[in-house]
There are 2 protein chains.
Amino acid sequence: MGIIERIDTPKTKAKAKTTAKKTASKKPAVDLPLNQILKMDCVEAMKSLPDESVDMVFADPPYNLQLGGDLYRPEGGQVDAVDDAWDQFDSFAVYDAFTKAWLKEARRILKPNGSLWVIGSYHNIFRVGASLQDLGYWILNDIIWRKANPMPNFKGTRFTNAHETLIWASKSEKAKYTFNYRAMKNLNDELQMRSDWVMPICGGQERLKRNGVKAHPTQKPEALLYRVMLATTNKGDVVLDPFFGTGTTGAVAKRLGRHWIGCEKEDNYCEVAEERIEAALPLDESELKTMQSPKAKPRVAFGTLVETGYLKPGTELCSKNRKFKAKVRADGSLLWNGHEGSIHKIGATVQDAPSCNGWTYWYYDDGKELRQVDNLRQTYLLATEP
Amino acid sequence: MGIIERIDTPKTKAKAKTTAKKTASKKPAVDLPLNQILKMDCVEAMKSLPDESVDMVFADPPYNLQLGGDLYRPEGGQVDAVDDAWDQFDSFAVYDAFTKAWLKEARRILKPNGSLWVIGSYHNIFRVGASLQDLGYWILNDIIWRKANPMPNFKGTRFTNAHETLIWASKSEKAKYTFNYRAMKNLNDELQMRSDWVMPICGGQERLKRNGVKAHPTQKPEALLYRVMLATTNKGDVVLDPFFGTGTTGAVAKRLGRHWIGCEKEDNYCEVAEERIEAALPLDESELKTMQSPKAKPRVAFGTLVETGYLKPGTELCSKNRKFKAKVRADGSLLWNGHEGSIHKIGATVQDAPSCNGWTYWYYDDGKELRQVDNLRQTYLLATEP
DNA sequence: CATATCTTTGAATCACCAT
DNA sequence: GATGGTGATTCAAAGATAT
């Protein structure tokens, strides 16, 4: 590390016979600062690199969160907000200019068949997506990272923000991008990998700390980068990350046998990243699979059956012996004798029990006989699961 | 249907006494073409409607990027046929002009506290999202419709496109938008509703056909609209859909006791939609009810419990772990360690917290066990409510 | 040592009314 | 517009502490 290494730019991904048009195939070997952090602004850093020299750019740019005042949890604690200076922009126009500047340089240094990944939230991802389309990138997929354990919405004011969005784009419409279809299908138990990926947020041992506090406010999970790199790069490829932070991209690249280049302005992030990547060990292919593919367990809420028409609002549910009868309402709550609540809660109430499994307690009349509500759930699952 | 109906613009959501600031409350009743399809271009249709007159706009715009043609072609947008990227940019510019045109009219007719929903895919959603931010809309959530049964990627060239994206936005940053938190929590088995919704695509009986072929290429499932409307509108609200298609929005609005207005140019879509909505059955009043948030329930002052004898002056309250003990006084104030104040204030003081909900923080001993003070409030409410 | 309970925490555009 | 009072509000996972 730390030395300019010489690598040959590969001919092209596919057969080099016919696709070698405007590609870098005729260029001589280029000098790239491989496996190093360029400790400066990413636009400046990328400007020091030659045209068409990297295979992939993975970017986790500032989200421009625009947070208001402090936020307190119901139990009184304060939420540790992302209030770093690097996330502050004066306006959308300023943010757009910033975005187009780095996207443009990234596009210049990308090989013709290289591709770009960007991750963001609703605060910034629409601007980033529109900007990259304007610059000529061609979107291949948008990918949803469904967080297994997102932060709740403490005040009950909106839907829980439980995902982030990634955009995968090639340099241009006609590019012959890399997509390792088989590798993805293997990871996903022989089913095609979908555009929604379920993964936990970065925590536990993986979360880097310095003096007991998190080293970076928005560290991304390595599993995410694993899947991205495994899917859309090959061994030996060069991956550049313009917003390197604590070096998740570098650590995963090393483990997967890819070269990496990071851009990062902040010294303390650089120090953490260098130490981390030094400690990272290249992995066997076989070890990868265990880190991935926990498929989302099909969990059906009672309300879903109401929404989808399996059970109409107004339907009367009853206990097995028909002793208790309750009415289904539009939001999936039950109404019994002035009490309202979930099928579980009302089930417990009528029995004066501490708890109750409403799925097996309540029955509905299908015209012929009483049937357990749980049967409907099974029917729904059969109809909707692949 | 088919008649201009007169409705009163509601005062405001909550009590109309004091909150009538800049809302539409001072406006006279307005004439709206309720529960009708306006058979023309949506921009033209919306122009015929008054300012601040609808509660929600739900839009499923086309994402054919070539659409609009000369009609929305921006002034001076020259086409350079030599460069693909420029050609592409030009078509994006046309699409953006089209998008901003309808978004702008939609914003004009939205009430100050109304909200907008748009659904799209990666082809168009980034442009729509950036455009609506530019126009002053304030994004509240992006929602992922995770398709339970998406179409596979037959060629194995990309990830299976298994989701679509919805954006939920208020008219402006400060708007007091409607969000039926409790109803959503009910639908989701007592967990906060997240930003990723799993639902099957529209098929089976629900999929409308004409002469054996599907009546509309992108018919949305009613379950999706059901959740959208239940979450962000109230009964009696007016929902406008600028791209009505075969009328999913109208059918669900009718079922849920909302008014609807559709815009649709194509005659055969209109015919299918009218027939469909005619057949849709509205829910009964009782079925429509959803659980209220505590906010909407009558407030009980702590002192009332003391006055009415539910809690005697001199009673000792304590925190859950019995660590802190405070004494109830005759006026409903608490005394702890020389400090006096409301249950909330003293709760905050003992915890050294910025705020505290005293109802849930303090417990009393009923002789057998510790019970939350909030239980007493519920008891009081049950005893005094009709 | 095993199990149970408590504590901490994560990219968050996070209340509302009266004065 | 600013301030202050009332009171509404959380899910999953990991780690620490208690039984």
Side-chain angles (χ1 to χ4, degrees), chain A residues 60-84 86-89 92 119-125 145 147-165 200-207 209 212-214 216-221 245, chain B residues 13-15 17-19 21 133 137-142 169-170 173-174 176-177 179 181-182 185 188-195 293-297 299-303 320-321 332 341-345 347-348 354-362 373-374 377:
Chain A
D60 180 12
Y63 288 8
N64 188 22
L65 285 187
Q66 306 178 347
L67 300 177
D70 294 340
L71 178 62
Y72 291 90
R73 300 161 184 272
E75 82 275 10
Q78 189 175 352
V79 175
D80 185 15
V82 177
D83 54 2
D84 307 71
W86 50 253
D87 198 46
Q88 310 295 325
F89 295 84
F92 282 138
I119 182 168
S121 67
Y122 66 83
H123 309 85
N124 71 324
I125 199 64
W145 168 26
K147 299 182 183 181
N149 49 346
M151 185 169 8
N153 181 294
F154 295 115
K155 304 295 188 190
T157 54
R158 302 181 181 189
F159 298 98
T160 303
N161 205 351
H163 74 274
E164 293 190 27
T165 301
I201 59 178
C202 183
Q205 293 297 329
E206 189 186 333
R207 189 87 194 196
K209 300 201 171 180
V213 297
K214 57 188 176 192
H216 194 283
T218 68
Q219 187 184 338
K220 296 293 175 289
Chain B
K13 237 85 241 181
K15 292 126 204 163
K17 307 168 209 166
T18 55
T19 53
K21 282 174 235 166
Q133 285 181 312
Y137 287 100
W138 189 250
I139 298 182
L140 299 167
N141 277 117
D142 59 336
S170 59
E173 180 178 354
K174 302 296 179 197
K176 308 232 177 291
Y177 54 89
F179 181 56
Y181 177 74
R182 268 313 314 180
K185 200 165 174 176
N188 200 34
D189 276 357
E190 285 302 307
L191 290 179
Q192 286 189 336
M193 187 68 80
R194 300 168 37 121
S195 58
S293 292
K295 285 177 197 173
K297 289 183 179 169
R299 281 164 63 135
V300 179
F302 179 72
K320 191 178 183 186
N321 57 9
S342 69
I343 54 172
H344 315 295
K345 195 175 163 193
S355 69
C356 169
N357 180 354
W359 289 112
T360 53
Y361 180 75
W362 293 107
V373 172
D374 199 45
R377 177 167 62 164

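In this text, all values refer to a predicted model and were calculated from it rather than measured experimentally. We name chains A, B, ... by the order of the sequence lines, and we start the count at 1 in each one.
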At under 4.0 Å between heavy atoms, what does B:Ser342 touch on the DNA or RNA strands: base, sugar-phosphate, or nothing?
-> sugar-phosphate

Dump the intermediate steps for ring pair (Phe, Tyr, Trp, His ring centres under 6.0 Å) on A:Phe159 and B:Phe179, then the final yes or no.
-> CA-CA 9 Å; A:Phe159 298 98; B:Phe179 181 56; 4.9 Å; yes

Look at all strands and tell whether A:Pro221 reaches a base, only sugar-phosphate, or nothing, counting heavy atoms closer than 4.0 Å.
-> nothing

For B:Arg377, answer base if it contacts any base atom (sugar-phosphate contacts may also be present), sugar-phosphate if it contacts only those atoms, and nothing otherwise; contact means non-hydrogen atoms under 4.0 Å.
-> sugar-phosphate

Across the strands shown, which category fits A:Gly69 at heavy-atom distances under 4.0 angstrom: base, sugar-phosphate, nothing?
-> base

Can you tell which of A:His163, A:Glu164, A:His123 makes a side chain to side chain contact (heavy atoms under 4.5 Å, CB included) with B:Asp142?
-> A:His163

Determine the contact category for A:Asp60: base if any of its heavy atoms lies under 4.0 Å from a base atom, sugar-phosphate if only primed atoms, P, OP1 or OP2 are that close, otherwise nothing.
-> base

To the nearest Å, give me how far apart CE (A:Met151) and P (C:dT9) are.
-> 12 Å

When we call it a touch if two heavy atoms are under 4.0 Å apart, what does B:Tyr181 touch: a base, just sugar-phosphate, or nothing?
-> sugar-phosphate

When rounded to whole Å, the CZ to P distance for the pair A:Phe154 and C:dT13 reads 11 Å

Per-pair stack call B:Trp138 and C:dT13, 5.5 Å, 30° | yes

If the sugar-phosphate is the primed atoms plus P, OP1 and OP2 and the base is the rest, what is the B/S/- string for nucleotides 12-18 of chain D, using protein heavy atoms under 4.0 Å?
-> SSSS---

Under 4.0 Å: is that the gap between some side-chain N or O of A:Asn161 and OP1 or OP2 of C:dT13?
-> yes

May I ask you to say what A:Lys214 touches in the nucleic acid, namely base, sugar-phosphate or nothing, with a heavy-atom cut-off under 4.0 Å?
-> sugar-phosphate

List every contact pair, protein side and nucleotides 4-8 of chain C side both N or O, where the distance is under 3.5 Å.
none

Can you find a side chain N or O atom of B:Arg299 that sits less than 4.0 Å from OP1 or OP2 on D:dG7?
-> yes

Atom CZ of A:Arg158 and atom P of C:dA12 are separated, to the nearest Å, by 13 Å

Taking N and O atoms by type only, does the side chain of A:Arg73 place a donor or acceptor under 3.5 Å from a partner on the base of C:dG10?
-> yes

Looking across every strand, which nucleic acid part, if any, lies under 4.0 Å from A:Lys220 by heavy atom: base, sugar-phosphate, or nothing?
-> base

For A:Ser121, answer base if it contacts any base atom (sugar-phosphate contacts may also be present), sugar-phosphate if it contacts only those atoms, and nothing otherwise; contact means non-hydrogen atoms under 4.0 Å.
-> nothing

Counting Watson-Crick and G-U wobble pairs whose two distances are both under 3.5 Å, find the runs of 3 or more in a row that involve DNA chain D.
-> C:2-10 with D:11-19, C:15-19 with D:2-6

Please report, rounded to the nearest Å, how far the C1' atom of C:dG10 is from the CD atom of A:Glu164.
-> 11 Å

Is any side-chain N or O of B:His344 closer than 4.0 Å to OP1 or OP2 of D:dT6?
-> no

